[in-house]
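Below is one structure, written out as structure tokens, with a few remarks after it.
So that the names make sense, note that chain A is the first sequence line, chain B the second, and so on, each numbered from 1. Keep in mind that what you see is a predicted model, and the values were worked out from it rather than measured.
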Amino acid sequence: MLRIISTPRSERFSLRTERKYMSIPTFEEIIEPNDQTEARAEHLNKLRELIGNAYPNKFVRSKLTGADDTISGLLKHSAVAEIGDEMAEVRAGLKEGERPPAEVKDAINAKLKALGNVRIAGRLTTPPRGNFVHLTDGIGKLQIYCKKGQFALIKNDGKDTLDEGNAWTAWQMIDHGDFVGVDGYLFVTNTGEVSVHVEKLQFLAKAMLPMPDKMHGIEDPEIKQRQRYVDLIGSSLQVKAEPPALAGGTNAAGKVSGDDESVSISTSLPPADAGGSALTTREVFERRAKIISSMRRFLEDHGYVEVETPMLTPKATGAAAKPFETHHNALDIKLYARIAPELYLKRLVVGGFEKVYELNRNFRNEGISYKHNPEFTMLEFYCAYMDVNGMMDFCEELLRQSVEKATGGSVVNYERNKIDFAHVRRLSMKQAVFETRFTRYGPYGGHLEGILQGNNIISSQDSSWIEDAGTVGSLVKMMEWWKQDGAPLYVRLKADHNFALDLVTRDLEVEVLQKWEEFEGDSIGREYGSEIAMLFEELVEHTIMQPTFIIDFPKVISPLSKASPENPQIAERFELFINGMEVANGFSELNDPKEQYERFVDQMSERERGDEEAMVLDEDYIRALSYGMPPAAGIGIGIDRLVMLLTNKHSIRDVILFPHMRPETKLSAEKD
RNA sequence: GGUCCGAUAGCUCAGUCGGUAGAGCAAAUGGCUUUUAACCAUUGGGUCCCAGGUUCGAGUCCUGGUCGGAUCACCA
């Protein structure tokens, strides 16, 4: 693949490679010059005259905290935080605008100075006008104080030569967003903020481009997602409208959850769950990391072993989805990006891994929406000798503990709801359908009305629907079920003649119940299973707000799960729904190789009939099962969606650092 | 793919009825220097997404397009 520039604007370099021309953009095309970049370039040149190398290779930080001192680490460091608290107490006793008594401040400053000099580094969060400026490590902010004539410049000559005469000149060549390292002692200002009195200043790196707006950060969703680095910079520079408590303030600022890994890292940022205030981008991804690491720890504490199975697979199976295709040149074979690790993990159960997990990416070549990204992270794990009920218990505990570790409690605010992860309700699909769908014009009447207006709706009064519907035999059957004298019936047409029903009708409970029983009594079970699941999806799924395990799935749509011992049409399978989204899917794993073979064959015939997402037969998996797999239960948990719920984000793109987007046509486009 | 909405300074946005292109932040210059979104003064900065049309005159109205967002469809 070559990068081809689509918008030639000035002279370019051209390279000829493999019969193709590659046009390379100039630096100025990538970083378009304007008054701001030119000012920064000018400053950079002047700095080079003063310090030599403008991009030194390292800055050695102090180790007051035990490791290299980061800004947020230093603020959290007990000695510093205690003094901050002490100062906050003193200030609490003062009147508005009154300054703390000099002797109190001097005593505190003496203690801070006794800690010794600190050497810290970070990015300037504001333009360096005046003596005070904050540095950030991306999470916290620490103020530094550079007083003319009181600090020296460290030259980047490899010998750390000090230059006192040019320090102030150099300071004025430093811009908003540049990186500097400072060496100095800690003190508190009159306003009570712990700061570094700089004695030595070293320039570390230039920001050639201007920083995002300090009040708003980056708001254009395209830049936020495409240039996440700018979004993250913006979130670390951003000044929150409600000023946070002062450094080292009360527990309101440094929420304590009992372990050092609490998400609240910086006293300059509000606590993660503060009164519904939105998390910064950085905090979202800190929390994401937190959730993932707590899940890993929980699993490992319970004896699970982490494995990595192929991402490039000769068969795309283990789930119902369209795969990405690629080609391996040396082997000259087609490969698919995996849609699920499921069958590989169960091979490992066959091989003797009784508890095994994989936490990694899956790829599905499907639409992009607020809850779908082409690649997404799934935690999948299997436990030998466990059935679906044991798995639900375990999953419930895993969620409860991970959510608590990541957020400090079991209840999270999501939109206008509170979601409680302390308990997960269990409800059969049948109950779910009966409990929610016959509220005709109830809470979801409006939703249905919207669908009716917004789509191609054909009512039963319109005879033309019959022809359209005729292409799917099962629909005709369904129409017969639902048909009832005088009951209006609406059919929503979907693409490729895949149908779902939206029913806005009356007195159907009895009939649905009958049909359900018919389904359950049907020895083949193939006729209605998928339609019932579709009913559930269309009518119930979006109504489930609190964590709920929907259990008792039709077997026909569950080709890898064991049937229930009580009812051969029902699979021992569950899905976890929260806020209308499927978050997890688990079941008792089918381990009878012959039955698994037959289920695959059924799937293949569905495929023949045009269902592109029906599962593909995996011969080697049948062979693996034939060596014997213990009874086992497994589950896949959609990490991105869970993170959405725990960070109050309404789009999966907000919890993925670099979500997929169209290529940036302004810069370059892919061409073969 | 359908529908709706949007695109104006580096960032966040305003721009009335069609009549010389605006603010805050950021930048430059000077002042101030224990500030808390620092402040004061001055200055520079625009392909108003692109193309076409209507008009004496278009950021504004019309048509087409590009890009983005929301929503619906798709995603068992």
For every nucleotide of nucleotides 22-31 of chain B, 5' to 3': is a protein heavy atom under 4.0 Å from its base (B), only from its sugar-phosphate (S), or from neither (-)?
--BBBSS---
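- Shown are A/Met615, A/Arg573, A/Gln603, A/Arg599; of these, the side-chain contact (heavy atoms from CB on, under 4.5 Å) with A/Leu560 is made only by A/Met615.
- Evaluation of the ring-ring contact (aromatic ring centres under 6.0 Å, His included) rule for A/Phe549 yields A/Phe574 as partners, not counting sequence neighbours.
- Annotation: side chain of A/Ile233 is in contact with side chain of A/Pro212 (closest heavy-atom distance under 4.5 Å).
- With contacts defined as side-chain heavy-atom distances shorter than 4.5 Å, the pair A/Met644/A/Ile652 qualifies.
- B/G68 atom P lies 17 Å from atom CD1 of A/Ile218, rounded to whole Å.
- Every residue two or more places apart in sequence or in another chain was checked for a ring-ring contact (aromatic ring centres under 6.0 Å, His included) with A/Phe179, and none qualifies.
- Side-chain N/O atoms of A/Asp618 and A/Thr317 include no donor and acceptor closer than 3.5 Å.
- Among the nucleotides B/U12, B/G69, B/A76, the one closest to any side-chain atom of A/Gln225 is B/G69.
- As rounded to whole Å, 18 Å separates atom P of B/G10 from atom CD1 of A/Ile233.
- As rounded to the nearest Å, B/G65 and B/C4 have P atoms that lie 14 Å from one another.
- Spacing between atom CD of A/Glu219 and atom C1' of B/G6 amounts to 14 Å, rounded to whole angstrom units.
- Remark: C1' of B/A76 and NZ of A/Lys322 are 12 Å apart, rounded to the nearest angstrom.
- Counting any heavy atom pair closer than 4.0 Å across all strands shown, A/Tyr145 reaches a base atom.
- Rounded to whole Å, the separation between the C1' atoms of B/A23 and B/G69 comes to 25 Å.
- One interatomic measurement links the two molecules: CG of A/Asn190 to P of B/U35, which rounds to 6 Å at whole-angstrom precision.
- B/A73 and B/G2: their C1' atoms are spaced 8 Å apart (whole Å).
- Below the 3.5 angstrom threshold, one finds no donor paired with an acceptor across the side chain of A/Glu193 and the base of B/U35.
- If you check every strand for non-hydrogen atoms under 4.0 Å, A/Gln143 touches a base.
- Taking the nucleotide of RNA chain B with the nearest heavy atom to each of A/Ser558 and A/Lys105, the more 5' of the two is matched to A/Lys105.
- The separation between A/Trp168 atom CH2 and B/C32 atom P is 11 Å, rounded to whole Å.
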Might you work through the side-chain contact (heavy atoms from CB on, under 4.5 Å) test for A/Ile120 and A/Val196, ending with a clear yes or no?
CA-CA 9 Å; A/Ile120 54 149; A/Val196 180; 4.2 Å; yes
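- For the P atoms, the distance linking B/G22 with B/G15 amounts to 15 Å, nearest Å.
- Contact annotation for A/Lys147: backbone-only contact, meaning every heavy-atom pair under 4.0 Å involves sugar-phosphate atoms and none involves a base.
- Distance check on atom P: B/A37 versus B/U71 gives 35 Å, rounded to whole Å.
- When the nucleotides B/U33, B/A76, B/C11 are ranked by their closest atom to the side chain of A/Asn585, B/A76 comes out on top.
- Under the side-chain hydrogen bond (donor to acceptor under 3.5 Å, both in side chains) criterion, A/Asn362 pairs with A/Arg338, sequence neighbours left out.
- If you check every strand for non-hydrogen atoms under 4.0 Å, A/Asn365 touches nothing.
- Using atom C1' as the reference point in both B/C13 and B/A26, the two lie 14 Å apart (nearest Å).
- When distances run from any side-chain atom of A/Arg653 to the nucleotides B/U34, B/G69, B/G10, the shortest one goes to B/G69.
- As judged by a 4.0 angstrom heavy-atom cut-off over every strand, A/Asn131 is placed among the base-contacting residues.
- The nearest whole Å value for the distance from the NE2 atom in A/His650 to the C1' atom in B/G69 is 16 Å.
- Toward the 5′ end of RNA chain B lies the nearest nucleotide of A/Phe132, the other residue of the pair A/Glu575 and A/Phe132 mapping further downstream.
- Remark: the backbone N or O of A/Pro374 is not paired with any side-chain donor or acceptor of A/Asn365 at under 3.5 angstrom.
- Following rounding to the nearest Å, A/Lys148 (NZ) and B/U35 (C1') show an atom-to-atom distance of 18 Å.
- Taking atom C1' in both B/A70 and B/C11, one finds a spacing of 23 Å when rounded to whole Å.
- Paired runs in RNA chain B that reach 3 or more consecutive Watson-Crick or G-U pairs, where each pair keeps both distances under 3.5 Å, cover B:1-7 with B:66-72, B:10-13 with B:22-25, B:27-31 with B:39-43, B:49-53 with B:61-65.
- In this view, A/His197 and A/Tyr145, A/Tyr185, A/Phe187 satisfy the ring-ring contact (aromatic ring centres under 6.0 Å, His included) rule, not counting sequence neighbours.
- On the P atoms, B/C72 is 27 Å away from B/U12, given to the nearest whole Å.
- Contact record, A/Leu44 with A/Met208: CD2-SD, 3.9 Å, taken as the closest heavy-atom pair.
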